[in-house]
Every structure is written in C-alpha cells, then in structure tokens.
Amino acid sequence: MDLPVDEWKSYLLEKWALLPKSVQVTISTAETLSDIFLHSSSLLQPEDEMFLKQLSSSCSVEKDSGAPLFYREEGNKRFQEKEYMGAAVLYSKGVSHSRPNTEDISLCYANRSAALFHLGQHEACLKDIVRAGMHGYPERLQPKLMIRKTECLVNLGRLQEARQTISDLENSLTTKPTLMPSSHQILQRNVQQLKMKIQEKETLPESFPAALTKALEDMALGEENKQISGASLSVSLCTDPLKGRHLVATKDILPGELLVKEDAFVSVLNPGEMPPLRHCLENKWDTRVTSADLYCHRCLRHTLATVPCGGCSYAKYCSQECVQQAWDHYHSTECSLGGLLLTLGVFCHVALRMTLLARFEDVDRVIRMICDKTGRKDTCLPESKDLVKTFGYTNQGESEENSETCEPSIPGCNVNGKYENNYDAVLSLLPHTEKHSPEHKFICAVSVSALCRQLKATSLQAQTTGLKSPRLKAVTPGLCTDLTVWGVAMLQHMLQLQCNAQAITSICYAGSKESIITNSRQVRLATGVFPVVSLLNHSCSPNTSVSFTSTVATIRAAQQIAKGQEILHCYGPHESRMGVAERQQRLSSQYFFDCSCPACHAETLRAAVAPRWEAFCCNTCRVPMQGNDVLSCSNESCTNSVSRDRLVSRLQDLQQQVHTAQKLLRSDRPEQAIQQLLECQRAAENFLSAEHTVLGEIEDGLAQAYATLGDWRQSAAHVQKSLQVVEARHGPSSVEIGHELFKLAQVLFNGLAVPEALDAIWKAEKILLVHCGPESDEVQELREMRSCLLDSSFTPVRPLV
Ligand SMILES: [Zn+2]
Ligand SMILES: [Zn+2]
Ligand SMILES: [Zn+2]
Ligand SMILES: [Zn+2]
C-alpha cells in the first residue's frame, strides 16, 4: 500500500530490465535527484501513461449517480436487521456518491440520522437532520424527521428546543393536511407521547451532572522546549557522527512522562487493505467497509457521520470544516487525481501532499531551497550559500560523516538554532539517495513523473475550460511554473519516506455489538511525517511508547530514563514481535543500518533457542525441544525427537482450527466455539510451550465466548491465563499487558465482581497511563467504570462499548 500497486510496479520493473545497459548505468550512477528524475522521466512513454490510466480507472473515485439508491437500499436491509452501525456506513457511501442539493443526498442523510439515533449518537443525528433539510428533503416526509429531531433534543436535555420543534410540527400538520389520515393519526400519537416525555423530564431534577469533563491537564507539555518545538524540557537535541541527530534526557525522567507531542506535518489516510473489486459487474458498488469509510480523511477522527467532498466519492470528512480545510490546503489539487493516487500508493500521495503543504509556507523560498538542495548541491551561488547559512543546511546525505567541519548548527534548525515542525525540518530528513536500489529509484521517479504530467494536464484543462472553481486556478499556476522542481521534490520525499514515514495507528475495537469484551487491535490508520519524532533513533527494546490522538503523536517515557541517556523509540521491529535475525534484516533493508541495541546484542549472544512464545516442547517432559531440522527434547534422559516440518505442519493445522473457532464466535455461536477451542487447547498442550502465542489466542477466544454466554467467572479465568502468555512475551509493564488488563477489568465489571474489578482497573490504568496518557479512550473508560462501581446506587448495565 505504500508503494504503487503491484501491476504498475512489475510493469516498471519489466521496463527497467529491457532498458539498454548504458541507460541503466546512467540512472544508477546519477549523482543528484534531479538527474535521476530527468533521465527516468524522459523514458515515460505515452503507452506507459495509457497503461497507468487503465489501472487507475479500476479504483474510480467519481460520483456515480446510480450508487446512492443502491447503497440506501443496502443500508435499509441492515437497518431492518438492527445492524445500525453497518447501515450508517452504507448510507455514508450513498452520501459520498450523491451530488449536493439532490433528493438522493437528503434521503441518505435522513436515513443515516435514523441509524445514528438508534446508536445513541444524538448530536450526530441532529446534524444529519439539518443536512437532510439543507439539501432539500421532501416536504411530505418532514414530520417523521421532526419527530426524530424532538426525540434527540429530549434525550440531550434540550427541552426548550424540543418544545419548539413539536409546536412547529403541530402547526405544519394543521396548515398542510397533505398526509394520509392513518399516518396522521400515528403522528398525532407520537406528538402526544413526546409532549409527555418533555413534561416528565422538566419535572425531574438535573439527573446527570456534567460528568464528562475530560481530564486534559496532562495534555500540555508544561513549559516549552526552546530548542525543539513540541518537546518537553526534559530532552535536548544532540548530534554526533555516529548517531546523527538524536534526543537525550536532560534530567531523570519518570515512566509516563510526556516527552514529545507533535501534530503531523502531513498525513494521508491509508485506503485500507482490501483489494479493489475488479471485473465483477454484480459487485459494481463495494459494500465492504474500510478505514476510508470510518475516519475523517483530514483529522483522522473516527466518525459514522461523514460529510463527503463535493467533487469525488472517495474523500470523506468528519465535518464541513474539515472538508473546507482539506480543500484549501491540498484536496483541490488531489480531488481529480483520486484514482491515480490510489494506484500510485500512499508514499506518492504523501509526497505530493508534502509539496502542496509546503507551498503554503512560502512558494519561492521553498522552490529555491529544493533546487539548491537537490539539483545544484555542489555549486555555491551566492544565493544558495546564503540559504545554507539561513537554514543551517549542510550537504545532504553525507552530512553525518563530516558534520564537525560545518557550523555547529544542526540540520533542520532555523537561524536561532530551533528545530520546528515545518518544511525546513522535513527537508532535512535524509533521503539516503545512494542506498536505494536503482530499480526502486526508477519506479519512484517514473511514478512521480506520471503524476506530474497528470497534474499539468488537469491544470491546463481547468485553465482552458474555466470549469473548476476559482480556487483551483489559484493553486495551479504555482504548480505549472516548473513541474520539474515539484517532481524532484516529490521524488526526494518518496525516498525520505522509506525511513521517515510514521504509521499512525489507532486501537480498533472489533467485534459485534453483542461482544462484551472489546477485542482491541492496533490498526494502521494513516501514514504521516513528524519531523520531531523523526529525530528519535531506534531500539528493539525502546524506552518510550508512542500513541496517537487524531493526527497528534505523543511520546511518553515507558520506563525510568536517567539523565544523559538517549531517548529511543521503536521503528517497528520490536524484540517482542520478532527474532533478532528478522529484525536485523528488516532494519538494514528498510532503514539502512545494523542494529546494535542491547536487545540485539544480548539475543545474538544467546544460543539459537526459539523464544518461549514460539517454542515447541516435548509431549512427555513438557520442556523445550532443541535443534534445527530435527528437534530433540532438552531433557537429556529423554530420547524424544521429531522433525521440525512435522511440528510446523501440526502448528498450521492448529492455527486453522483456532481460526474456525474464532469464526464461530463472530457468527454468534459461542457454545460451538468453546467446544472447538477446548479441543484446540488439548492439542496445543501436547507440543507447544505453555506461553506459546497460539495458546494465548485460544485463551482469549474462550474468554470472549464465556463472556458472551454471561459466564463472568469462566471468562475472567481465561483472561487471566491469556495475561500470562502476554506477559511472557511482552513483559509485565508493556502496553500489551495494559490492553489485556483492560479486558479483564471489563469482564469483572460486567460480572459485578466489585473488589476484583477495582483491582484490575487500577492495574490497567497504571500501565495504560504510562503508555497512552490520561486522555486515551481506554483510560477514560476505566475511570468511568470505577466511578460506576464506587457509586452505591449503581445497577448493572450491559456493555460500555
Ligand atoms: Zn475531521
Ligand atoms: Zn474530492
Ligand atoms: Zn536491535
Ligand atoms: Zn522429553
């Protein structure tokens, strides 16, 4: 998903292989990005562009006039099955395909308001009712909507407005008796009921205090670091030839302390992992749900009530404000490119958006800077010398080796030595041009070049036809002046992204509405660039944790960090997720360095015994098996031995069975799931270590199944066992243990085991506070659970999810 789709990638690889040797050499040995770009770009032929165009047409982002009705009907089906969440998303898809001010869009909004109402999202429901009205909701259907509006207002305690809406409705009923007598009666009855409800509420004292005041005190960093924007005073920016730029603790840091809080310079929502539907007419419209349907494409907030871009069916936002902001800053250019951007992949999209955002800082300066950096790095025009001084630039790439010969200023910092979240800092991130393979550079350069040509074509079209809004015109001239410059900049960004792209993750709560314990898993929501976070070096056992709220990254100390120690985070290959060989391989191929962190060091020294969470064990002695192709029992008096292949295939069978059980669970057949899982458990105990990951999955499934059946005691017992597996792998104070304890707390809470629940809540909170901070959803929910339990008048309610 980062790189272009496979078809385009293999097309270009083939093209590369057929190039004359001399041309390959020219590109491979080109010294500057602009040479690489110009050479590659000159090889892009019209037939290549045609091929790419065809590919892009299969991920169409145009509004399709037939789609709204289709999605509305699909949504209605879900609605009837009381599957309100699914219904809301389908109505949103209908909204995205509708043109503004049509009956289509107003009906989709109105239907969605009904789904949101059933989900208890009254504020969002009210907004949709207003939208339905704005886009011309049919008058004959108005009364229904006004009833719903009143109910929302009553639920929100906005009684005066509720009264007003009811009286408006009554007026319209008497002045326009256009409705059928029967529905008229129903309406009258509804009106009477609502009036009674309002009266009841008015006589009641204020029932819920303003309980939802969020603890935001910790969101602030305290005093701001003068050297690095968005960092706390406890860190400082250093540079040395070996480590490059890095952050160091200026004082002793406690676990959970907030160290960096930075909004992404740029972020692009990942389109989701589902392959596009192709050559399949009956599935012309996709009803599958991806994160592109559930999160605002600008601020990444989760929402069921998206507002679409007026021009395409792809971009969706949480609010009109985000629609506008996105349009002004980048989407006016991106809108017509939608299908092409999806084909060229997220990195290309991020690269384009970076240049579009940079343009808003200062066009001329940025363009001169890019020229200076990428094209003429050896020529020192007076002007460019000036720039080097102004922006603290050293030569790109090689700067790490000879930094001591330059001024003491650190790359990316401004005249005052301050490092900020801006385009200067972005440009100071290393592209490692010389380390990427020639093929990779070719793929990136040709893709960027195709994008440039499309940009030029659309902007010319817009200028000649004058079709688009004046806003688009305002954007395009800047792009047209010199597309090569923009192309080179984008190529540089694409190469930078391999090492500097940050996955913006979110905890995704899976499971149907019936599932009592939320099964959380991390999903990669978007790809972003965070210049300050990028300063951190990697460790396979880092001393910090990163979490995200909307597009803001937060780095917290995950353990005590002594003054003078380096602040480290993990680029992905964490010691608890993969073995040292795999980590080393990934880090060197993607990030171009050999990891020598303490975890790697210790693990290389240790013998090649599989970690406990992957270990096979002897079926008689229950101790680990050792060896390569043939494994034998590590108990010397035991003669058991077995081929690795056999064990691996047994493991695969077992995993298959666990998947089947998980499916049973999802299709609401907990009893069968339990049977299947217990069988799996017996099979697993014969050859897997007690802390094997698969055993953890089995325990987790059992816990969910028993929770569904309302058997809290059993459920809690299985979560406890799953906790042990997680602890063996991730350690007792890891964020993973935090999530697991959160589950335990939910189970005990629902089982009303008050003292045990309070204990689990306390433990979970303690760990999650360190990793995610007090504003995280899980911590907030834990606190709500606690106050419920401590409230003596508390009566059990079903899930808080
Ligand atoms: Zn938004
Ligand atoms: Zn659009
Ligand atoms: Zn390492
Ligand atoms: Zn044995």
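Quick note: residue numbers are just sequence positions, from 1. All ligand and atom numbering here is 1-based and tracks the order in the structure. Because the structure is a prediction, the values reported are computed rather than measured.
Checked against the 6.0 Å centroid criterion, the rings of H329 and F265 do not qualify as a close aromatic pair.
Residue contacts to the Zn ion (ligand 1): C318 brings an N, O or S atom closer than 2.8 Å.
The angle that C335 SG and H331 NE2 make at the Zn ion (ligand 2), rounded to 10°, works out to 110°. With the Zn ion (ligand 4) as the vertex, SG of C638 and SG of C633 span 100° to the nearest 10°. Angle subtended at the Zn ion (ligand 1) by C299 SG and C322 SG: 110°, rounded to 10 degrees.
A donor-acceptor pair is defined here as one N or O able to donate and one able to accept, closer than 3.5 Å; no such pair exists between the side chain of K63 and the backbone of G311. Counting only distance, with no hydrogens or angles, the side chain of T458 and the backbone of Q454 share a donor-acceptor pair below 3.5 Å.
More than 12 heavy atoms of other residues, nucleotides or ligands shown are found within 6.0 angstrom of CD on E685.
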